[in-house]
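Chain letters run A, B, ... following the sequence lines, proteins first and then strands; every chain starts at 1.
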Amino acid sequence: MSSETNIPTRERRVNPNFITEIIDEDLRGGRVAKIVTRFPPEPNGYLHIGHAKSICLNFGLALDYGGECNLRFDDTNPETEDIEYVEAIKADVLWLGFQWARELYASDYFERLHEMAVQLIRDGKAYVDSHTDEEISAYRGTVNEPGTPSPYRDRSVEENLDLFARMRAGEFAGGAHVLRARIDLSSPNMKLRDPVLYRIVHASHYRTGDAWCIYPLYDFAHGLSDALEGISHSICTLEFENNRAIYDWLLENLRGKCGLPESPRPYQYEFARLNLDYTVLSKRKLIKLAEGGCVKGWDDPRMPTVSGLRRRGVTPEAIREFANRIGVAKANSRVDLGIFEAAVRDDLNYRAPRVMAVIRPLRVVIANYPAGKVHHLDAPYWPHDVPREGSRTVPFSRELYIERDDFMEEPPKGFHRLIPGGPVRLRHAYVIRCDEVVRDASGEIAELRCTYDPDTLGRHPAGGPVKGTIHWVSAAHAARAEVRLYDRLFHVPDPEAAAGEFTDYLNPESLTVVEGYIEPSVLQDPPCTRYQFERLGYFWPDPVDSGPGRLVFNRIVALRDSWTKAREKPGGSAKVQPGAAQGGESKPKTGTEFTPKQQAEHARLAALGVGEAEATVLVREPRLAAYLEEAARGGDVAAIAIWVVNELGPAIRAGDSKVSPIQLVALVGLIQAGTINGRIAKDVLAEALETGTAPVEIVEAKGLRQISDAGVIEPIVDRLIAENPDKVRAFRGGKTALAGFFVGGVMRETQGRANPQLVQDLVARKLGGNTFYEGSAVKPR
RNA sequence: UGGGGGAUCGUCUAGCGGUAGGACGACGGGCUCUGGACCCGUUAGCGGGGGUUCGAAUCCUCCUCCCCCAGCCA
């Protein structure tokens, strides 16, 4: 099966979603033979984690289905694009772990696109408009008013051809003319109101130089580029949903022309772009951050750009895992930063060796340890739960640094670190006790005088295990390093929705620089090693600023910290969502205001036994009413109405019901006679709607008959009960929803032919008996 | 107000007429020389009303709320 259809059978890179469903269907139905996707960035900015989501989707799909994904630069706007960005984008995609099948540029298609524009003009489907941009905008109308045709809309083909040629030849100033598609100025879809296809721009393009002074717009270039490349599934974000109409229009009008195949043609699908809490992901805003001095550049580790994340130390695996965890859907959403951080931690947990560093040092003197003596302790890189080998030596001496946070003179309840007189374990070393707190002139704690217990290396002290373990470094041996602690860039979850400028919400503590002390073993390691500084977080040397002469560490992500979290509990910071309106309940409108005529009709139907809800629908929808009218001649109006409204409604409304009123009557007759049940009827109707075969014929051909013989059904029920003792127990324990499990099982085994009421009764009697409603598992209505 | 989309635990996401499941989080417990990791458990959800059905997150219907569209940007 999979060799025939390319449908993945083993682990997928992309979790199943609505797009993979479409692909599966296209493959099964033979619409396409090979999956070809594309990632189409415009080279006018850097890639961010939202793009990464799209990259993982497009490239992942190609990988999953044995297809291809192209990298295509949508470079149709010479004024904003630059080669610098294409290089950066390529590097980012590669770094994320993906290889494109072909590297392509929309600008390489300029000649062919131009040809297609000419073809549209020849076909009377496009015209040169000499309105200014203001005029075009004014003539476009509004969402409530249709647009008005430009006086230039009916120029002759010859005149349009001539003007377009002269546009290309550079005879006109920028903005003097545009080429527009002739579609529909009164379309309710604003995008279809004669969209602009080409504009005059006298600017050098970073790839085509001055070869062109007319440039296609996104809508024109994008879909046709897809078609030119043989893209099978063109995946973009939700805001392009309306643009799909242009996409389809263009392809329908140009397929089979200008070298475009008649079929297959690409189709566009839209998914929800990523929104991440406490950051912004719009190109315009990222440019402002990077170039407006809010951060130190595109690759500032606080930036959600791929280059920023890379410099921060996040791995491509973590980003891909994150993309996987958030999934792909059509609902606008905002992802909790915690999901991202968890993906990063999970990745680093098994790849980062543990070392010790102190970032807010407090001097500790071990009074009973000889000055000048150094003990080299062996310390494993990995905790017991990470199955990896390796260790380093850590020097222990009389003077150490510990974390200031790890000592408290007046500890709160539950604090099990160092306290006056109390013992604590020094990680990988001895248990010490604090004997004296030494203060400086200002009263600040300057150092701690402690004593160590020499018998506690690798074993518990005499009094039993100590409750706390803290990290430390030897003062004389530690390497000094600049440590950059990064935090969320904004202090509100959705800076874009907040009032005022988004930059008003920058988090002043997004970067904290401290002087830290790192155990000396790191000096021996390769420069790109990612560590866990125990109890602090994951860190790695900054790839730009760190070097042999100057150590600089970035904190990639902090460790989970259930201690401080628990302490901050009361009055903890809840999410403040500025401007988030909550959908509450408000008085529902009845929507049942009828005209007198409708009222009369409603009453007439009600008198015939048609239900209230059905009658209301029928009164409002003449098409359904007419259908029922015809059907009613042959049978029970009330029963038929139910099927007309609830099952055939959409088909009748669309005018393509392949089931005639008479056929429906016949089917309903079978139900009423008990020959078939509603379930069978529903399946049959679905098939009839699909194929056009008369429902009753389907019933006959398949020999569908309802099974109302308890002698047939009972054994099946008994067997299901015998096979699922756990379910039976749960049911008897009160999980009555399990009735559906048993009924469903019987229905499945009989292919929907069992009399459901009978099954329901049998199941209820055998399982529940007294605990249930008399003789029936039906909830009281 | 026209058109196009959308709504499932706090967050993200499965479900396609038959037990509402997973991840992140939260809470409780276990383990621990990292208050990490790991393990166990708990919590919590189908936007609302009506209808169809033996049975509805799923089908029908009405309503509500949210997002997108009036660039010669993409």
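A/Phe340 has its ring centre no less than 6.0 Å from the ring centre of A/Tyr278. Checked against the 6.0 Å centroid criterion, the rings of A/Tyr198 and A/Phe164 qualify as a close aromatic pair. The ring of A/Tyr430 has its center closer than 6.0 angstrom to the ring center of A/Phe396.
Listed by first residue number, the stems of RNA chain B with at least three Watson-Crick or G-U pairs below 3.5 Å are B:2-7 with B:64-69, B:10-13 with B:21-24, B:26-30 with B:38-42, B:47-51 with B:59-63.
Take the nearest nucleotide of RNA chain B for A/Val196 and for A/Arg748: the residue whose nucleotide is more 5' is A/Arg748.
Partners of A/Glu241 according to the salt bridge (charged side-chain N to carboxylate O under 4.0 Å, His left out) rule, which considers only residues two or more places apart in sequence or in another chain, are A/Lys330. Every residue two or more places apart in sequence or in another chain was checked for a ring-ring contact (aromatic ring centres under 6.0 Å, His included) with A/Tyr538, and none qualifies.
Closest contact between the side chain of A/Pro650 and the listed nucleotides B/rC72, B/rC60, B/rC12 involves B/rC60.
You'll find a donor-acceptor pair under 3.5 Å spanning the side chain of A/Gln760 and the base of B/rC54, going by distance alone. For B/rG18, its base sits under 3.5 Å from the side chain of A/Arg679 at one donor and acceptor pair at least.
Nearest heavy-atom pair, A/Ile89 versus A/Glu42, reported as atom, atom and distance to 0.1 Å: CD1-O, 4.1 Å.
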Using a cut-off of 4.0 Å between protein heavy atoms and nucleotide atoms, how would you tag nucleotides 33-42 of chain B 5' to 3' with B, S and -?
BBBBB-----

Would you tabulate the pairs of protein nitrogen or oxygen atoms and nucleotide nitrogen or oxygen atoms of nucleotides 19-21 of chain B closer than 3.5 angstrom?
residue: B/rU19; atom: O4; partner: A/Lys727; partner atom: NZ; Å: 2.9

With the criterion being N/O to N/O and under 3.5 Å, what pairs connect the protein with nucleotides 68-70 of chain B, and how long is each?
residue: B/rC69; atom: O4'; partner: A/Asn242; partner atom: ND2; Å: 3.2

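For B/rG30, the base is anti relative to its sugar; the glycosidic angle deviates from 0 by more than 90°.
In terms of phosphate contacts, A/Arg199 brings a side-chain nitrogen or oxygen within less than 4.0 Å of OP1 or OP2 of B/rC73.
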